[in-house]
*Asks:* 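I have a structure I would like to understand better, so I am pasting it below and will then ask my questions one at a time.
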Amino acid sequence: MMIIMKANATPQQVENVIEQVKSAGLAVHLSQGIEATIIGAIGETHNILADRFEGLDGVDIVQRITQPYKLASRQFHPENSIFPLDGFSVGGDEIVVIAGPCSVESRSQILETAIAVKEAGACALRGGVFKPRTSPYAFQGLGEEGLEYLAEARAQTGLPIVAEIMSQVQLDLMVKYVDVMQVGARNMQNFNLLRAIGETQTAVLLKRGLSATIEELLMSAEYILAGGNKQVMLCERGIRTFETATRNTTDINAIPVLKKLTHLPVILDPSHATGHVDYVAAISRAAIAAGADGLIIEVHPDPARAVSDGKQSLKPEAFAAMVKQVGQIAQVMGRELATVSREKA
Ligand code: PEP
Ligand code: MN
């Protein structure tokens with residue numbers, strides 16, 4: 001339920017409504033926009049009548065949030081969510097380009113890639129250290145050693161780092177090292193993990209599951225938001241269809257659909273969505289034209305020798321050319337590419 005306060009409501013009136021919501025056994029989530037203050041009363045609200053809050057001083061109207069996801073819905077938070085990430089912001093006018101290898105393989109590989117992607121115009125560095133591999137015999141990631149290399153790359157380039165968390169046992173380590181925790185497609189509905197991440201204040205990149213609907217993605221985001229962590233980006237990374245010409249099928253529709261349904265930033269991953277370097281630039285351009293807030297792209301200095309996802313990893317030169325094209329599309333959309341402000345240490 002949303003309690004929309006009058007434009008001239010006083011802080012005491014807001015405070016009083018909050019107290020009343022709490023005494024009804026509901027959780028309070030405040031959304032203070034330019035237009036209005038909205039108090040979200042979240043929980044089992046079907047037995048609670050709207051008039052319980054309607055008559056309170058300062059209240060304009062009380063509305064039910066019709067979607068099953070509440071905090072993630074644009075109804076609850078009409079303006080785009082914009083949050084800072086080490087020198088730039090996500091979800092506003094700037095387009096974020098996150099780039100780096102699928103896996104952190106060695107100190108030299110991640111340092112070389114970080115310098116190259118920064119030079120090419122990326123504003124954040126990705127690199128997996130805990131890898132969700134289909135085969136238990138495939139490379140599983142460097143773990144903490146990899147996080148140390150990522151931190152060194154951040155110190156050298158100023159690029160914030162994005163890495164995937166696979167389990168709650170990795171939470172403390174991830175919070176200590178990374179700027180953005182990626183929740184991978186295979187973990188999108190790991191509800192215990194989502195709840196645990198919701199209790200942190202580390203930004204999250206939540207990927208859509210291989211066969212998940214848009215509504216399921218938003219329900220997963222709701223788990224994180226309900227815990228109090230508001231810094232959630234959603235990531236379309238392709239879905240499973242009958243098509244076999246590409247690794248997955250990019251659901252371009254998901255971009256405008258998500259932008260309509262939610263206030264959260266929307267990122268596209270053309271590397272996993274297509275599975276092949278030949279298609280990454282085209283789908284990146286399409287994503288920005290469709291209204292995405294950013295891209296996450298796999299880049300490797302020597303894709304043929306990459307331990308994972310080499311086929312879909314761009315070489316730094318191809319990535320640089322792609323960033324230029326994306327920058328032009330961004331301009332047409334009235335936006336610009338985010339850049340990192342911090343210079344090489
Ligand atoms: C990845 O980003 O390397 C990855 C494993 O992605 P996804 O979870 O989308 O498959
Ligand atoms: Mn990968």
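Numbering starts at 1 and runs along the sequence shown. One-based numbering, in listed order, for ligands and for the atoms of each.
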*Asks:* Inspect the contact between Asp179 and Arg154 and indicate whether a charged nitrogen and a carboxylate oxygen are less than 4.0 angstrom apart.
*Replies:* yes

*Asks:* Tell me whether Gln140 contacts the main-chain N or O of Ala138 through its side chain, where contact means a donor paired with an acceptor under 3.5 Å.
*Replies:* yes

*Asks:* Which protein atoms of type N, O or S are found under 2.8 Å from the Mn ion (ligand 2)?
*Replies:* Cys102 SG, His272 NE2, Glu298 OE2, Asp309 OD2

*Asks:* Only heavy atoms of Lys131, strictly under 4.0 Å: list the atoms of ligand 1 that pass.
*Replies:* 1 (C), 3 (O)

*Asks:* Which residue holds the protein heavy atom closest to atom 8 (O) of ligand 1, what is that atom called, and what is the gap in Å?
*Replies:* Ala185 N, 2.7 Å

*Asks:* Not counting sequence neighbours, list each pair that qualifies as a ring pair (Phe, Tyr, Trp, His ring centres under 6.0 Å) and has a residue in residues 173-212.
*Replies:* Phe191-Tyr223

*Asks:* Under 4.0 Å from a heavy atom of Arg237: which atoms of ligand 1 are those, numbered in the order shown and with their elements?
*Replies:* 7 (P), 9 (O), 10 (O)

*Asks:* Give me the residue, atom name and distance of the protein heavy atom closest to atom 6 (O) of ligand 1.
*Replies:* Lys207 NZ, 2.9 Å

*Asks:* For residues Leu210 and Arg186, determine if any side-chain heavy atom of one lies less than 4.5 Å from a side-chain heavy atom of the other.
*Replies:* yes

*Asks:* For the side chain of Arg285 and the backbone of Ala289, is there at least one donor-acceptor N/O pair under 3.5 Å apart?
*Replies:* no

*Asks:* Looking only at protein heavy atoms, which one is nearest to atom 4 (C) of ligand 1, and how far off is it?
*Replies:* His272 NE2, 3.4 Å

*Asks:* Would you say Arg208 touches ligand 1, if touching means a heavy atom closer than 4.0 Å?
*Replies:* no

*Asks:* Under 4.5 Å between any side-chain heavy atoms of Leu218 and Leu234, yes or no?
*Replies:* yes

*Asks:* Between Glu298 and Arg126, is there a side-chain N and carboxylate O pair less than 4.0 Å apart?
*Replies:* yes

*Asks:* Could you tell me whether a side-chain N or O of Asp293 sits under 3.5 Å from a main-chain N or O of Val90, the two making a donor and an acceptor?
*Replies:* no

*Asks:* Would you check the N or O atoms of Arg186, main chain and side chain alike, for any that come under 3.5 Å of an N or O of ligand 1?
*Replies:* yes

*Asks:* Measure across Glu94 and Arg335 and return the closest heavy-atom pair with its distance rounded to 0.1 Å.
*Replies:* O-NH2, 3.9 Å

*Asks:* Can you sort out which atoms of ligand 1 are near Cys102, meaning under 4.0 Å from one of its heavy atoms?
*Replies:* 3 (O)

*Asks:* Does some side-chain heavy atom of Thr200 sit less than 4.5 Å from a side-chain heavy atom of Met181?
*Replies:* yes

*Asks:* Under 4.0 Å from any heavy atom of Gly184, which atoms of ligand 1 are there?
*Replies:* 8 (O)

